[in-house]
Protein chains: 2
Amino acid sequence: MSDASDKPLATYAPVHTKRAFEEVTDQIRGLIARGALRPGDRLPSERELAEQFSLSRNTVREGLRALEIAGMLELRKGATGGAFVREGQGDAVISSFADLFILGKIQPGHLTEARQIVAVAVTRLACQRASEDDLDELEANVEASRQAVSRGDFPERTRINLEFHRLLAKCTRNPVLIVIYDAMIEIQRQMLEVLPAAPNSAVMPSRERLLGYLRARDEDRAAHEMESNLRLLQQHYLSEQAKGSA
Amino acid sequence: MSDASDKPLATYAPVHTKRAFEEVTDQIRGLIARGALRPGDRLPSERELAEQFSLSRNTVREGLRALEIAGMLELRKGATGGAFVREGQGDAVISSFADLFILGKIQPGHLTEARQIVAVAVTRLACQRASEDDLDELEANVEASRQAVSRGDFPERTRINLEFHRLLAKCTRNPVLIVIYDAMIEIQRQMLEVLPAAPNSAVMPSRERLLGYLRARDEDRAAHEMESNLRLLQQHYLSEQAKGSA
DNA sequence: CCGCATTAATGGTTCATCTTTTGAAAAACC
DNA sequence: GGTTTTTCAAAAGATGAACCATTAATGCGG
């Protein structure tokens, strides 16, 4: 079917026959990247898009779905429904990151090592940039954790303790760090559903000290507190791993 | 938010009517998470899955497509085609991360700040863990960069210089750090396509010094070299931002 | 044994049609 | 007049059947 005039020059490059729906995603991505579509904007309905692209509605939907999964669009049904450009959040990053764990690509030791690195930096930046409101939120979180413990609601305590990290990351005002840190915390959460949680009664006192250092804007002490806290965790997982492989 | 009266007995389910294709993705994700499906395994054909799920082939395809986009499956067509569980790589993380930049959520200053943090840590770990082969690869990369400069091929030099970071991250042997760092480098690359690149003639000498420190396993000097290198970049972007908003 | 045409299996695409959800307009009610 | 209920239309969601395109295995002829 392919005569010589098909590909006259030896460009070896392209390959990977593009599927129709990828053309849809590329074009829409391009419009967003160029600013022609902005967060909150509504795209034409599936039927209109299908006509404009000269594709079937099904194929267009696959493209829209792809962008929805990628977190760039939100598809709303109903009378005023349609495809809307999303205010970008890191949900897609977080879930695809978590998939790496599901696929067995990430071991607990890998995660805690990376967490240590980012957590210390996040703590330092939070110390510099946290507003009073941020600090109040953190304090409320610690208090909520205390209450969960007193109720004996340990799953809830775990959830609150992880939430603490999310709040801390928010203080940095840096979306890159926020999404990275949130993703790592999400994986941690998923790990805790499978692995035995480290009991770690040292967490609460550590949190209280950390809170004090944050309020005092004592960056070094705050960072050190966070670091030693996570080092315990790292040691726990490394010893678990040793047990597992023994 | 405090006492029991907050949550009466009837907490009215969360719901959020699940779409049919999400059931497909959840079930397959579950099978992978439980180890019933492992990387490399082939799923039944779309037609068979449609029958087993009691769904139309179209709907099943949407589910498979979703997992393909998430990077968990690979769909191959042809006689021996089908859906295969992928060896997990961070592609999906990287592209969804890059989407945050496309959506305008990430500014250059955010990225370089985060890069500084991770890069220094990556450098330290690379110093500890890089094999001789790793170091040879890094050296070859620097040499390639030199040659690109002498050819005057600056886009190629940029590509090679970013590749240096990818190689460095690989030395850490930590998939979490690798994927995070790769993602940041990819965003950097996309930024360079839009923004004026920092000329930065200081890169090559810095790279050579860094390479020396890596070979000498001199962690502190290597980390310092990387840090001061990126600080220049950060200053460049901050001054650009100041110009832009002026 | 090799080379080429055939064939079967698979994903890719399209079409037509139906269902469900949702918001808003119209109607009924007080 | 204002409020509630009903109706309606627009949109995505789902379906099933058909057809196209690609790929690897099969088998035939040399």
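Every chain is numbered from 1, with letters handed out A, B, ... down the list of sequences.
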- Item | Contacting residues from residues 44-59 of chain A, given that a heavy atom lies under 4.0 angstrom of DNA chain C |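 Under 4.0 Å from DNA chain C: A/Leu55, A/Ser56, A/Arg57, A/Asn58, A/Thr59.
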
Would you mind reading off the distance between [X] atom [atom1] and [N] atom [atom2], rounded to a whole angstrom?
X: A/Glu22; N: C/dG12; atom1: CD; atom2: P; value: 9 Å
X: A/Phe84; N: D/dA11; atom1: CZ; atom2: C1'; value: 10 Å
X: A/Glu23; N: C/dG12; atom1: CD; atom2: P; value: 16 Å
X: B/Glu74; N: C/dG12; atom1: CD; atom2: P; value: 11 Å
X: B/Lys77; N: D/dT22; atom1: NZ; atom2: C1'; value: 6 Å
X: A/Arg61; N: C/dC18; atom1: CZ; atom2: C1'; value: 13 Å
X: B/Phe21; N: D/dA12; atom1: CZ; atom2: P; value: 14 Å
X: B/Leu75; N: C/dG11; atom1: CG; atom2: C1'; value: 8 Å

- Taking atom CZ of A/Arg38 as the centre, does the number of heavy atoms from other residues, nucleotides or ligands within less than 6.0 Å exceed 12?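 Open.
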
- Candidate nucleotides C/dT13, D/dA14, C/dA24, ranked by approach to the side chain of B/Ala20 - the nearest: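 Selected nucleotide (nearest to the side chain): D/dA14.
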
- Query: Can you name the closest pair of heavy atoms from B/Leu64 and B/Ala83 and give their distance?
  - Reply: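 Minimum heavy-atom separation between B/Leu64 and B/Ala83: CD2-CB, 4.4 Å.
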
Are [X] and [Y] close enough for a salt bridge, meaning some N to O gap below 4.0 Å?
X: A/Arg19; Y: A/Glu62; value: no
X: B/Asp99; Y: B/Lys105; value: no
X: B/Arg65; Y: B/Glu74; value: no
X: B/Glu113; Y: A/Arg173; value: no
X: A/Glu51; Y: A/Arg47; value: no
X: B/Glu68; Y: B/Arg86; value: no

- Task: Taking only heavy atoms on the protein side, list every residue of residues 64-72 of chain B lying under 4.0 Å from any atom of DNA chain D, sorted numerically.
- Result: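 Contacting residues: none.
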
- Message: Is the phosphate of D/dA12 approached by A/Arg76 (side-chain N or O, under 4.0 Å from OP1 or OP2)?
- Response: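 No, no such contact exists.
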
- Query: For A/Ala79 and A/Glu62, take the nucleotide of DNA chain C holding the closest heavy atom to each; which residue's nucleotide lies nearer the 5' end?
  - Reply: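 Closer to the 5' end of DNA chain C: A/Glu62.
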
- Task: Answer yes or no: is there a side-chain heavy-atom contact under 4.5 Å between B/Ile180 and A/Met184?
- Result: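 Of all side-chain heavy-atom pairs linking A/Met184 with B/Ile180, at least one is under 4.5 Å.
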
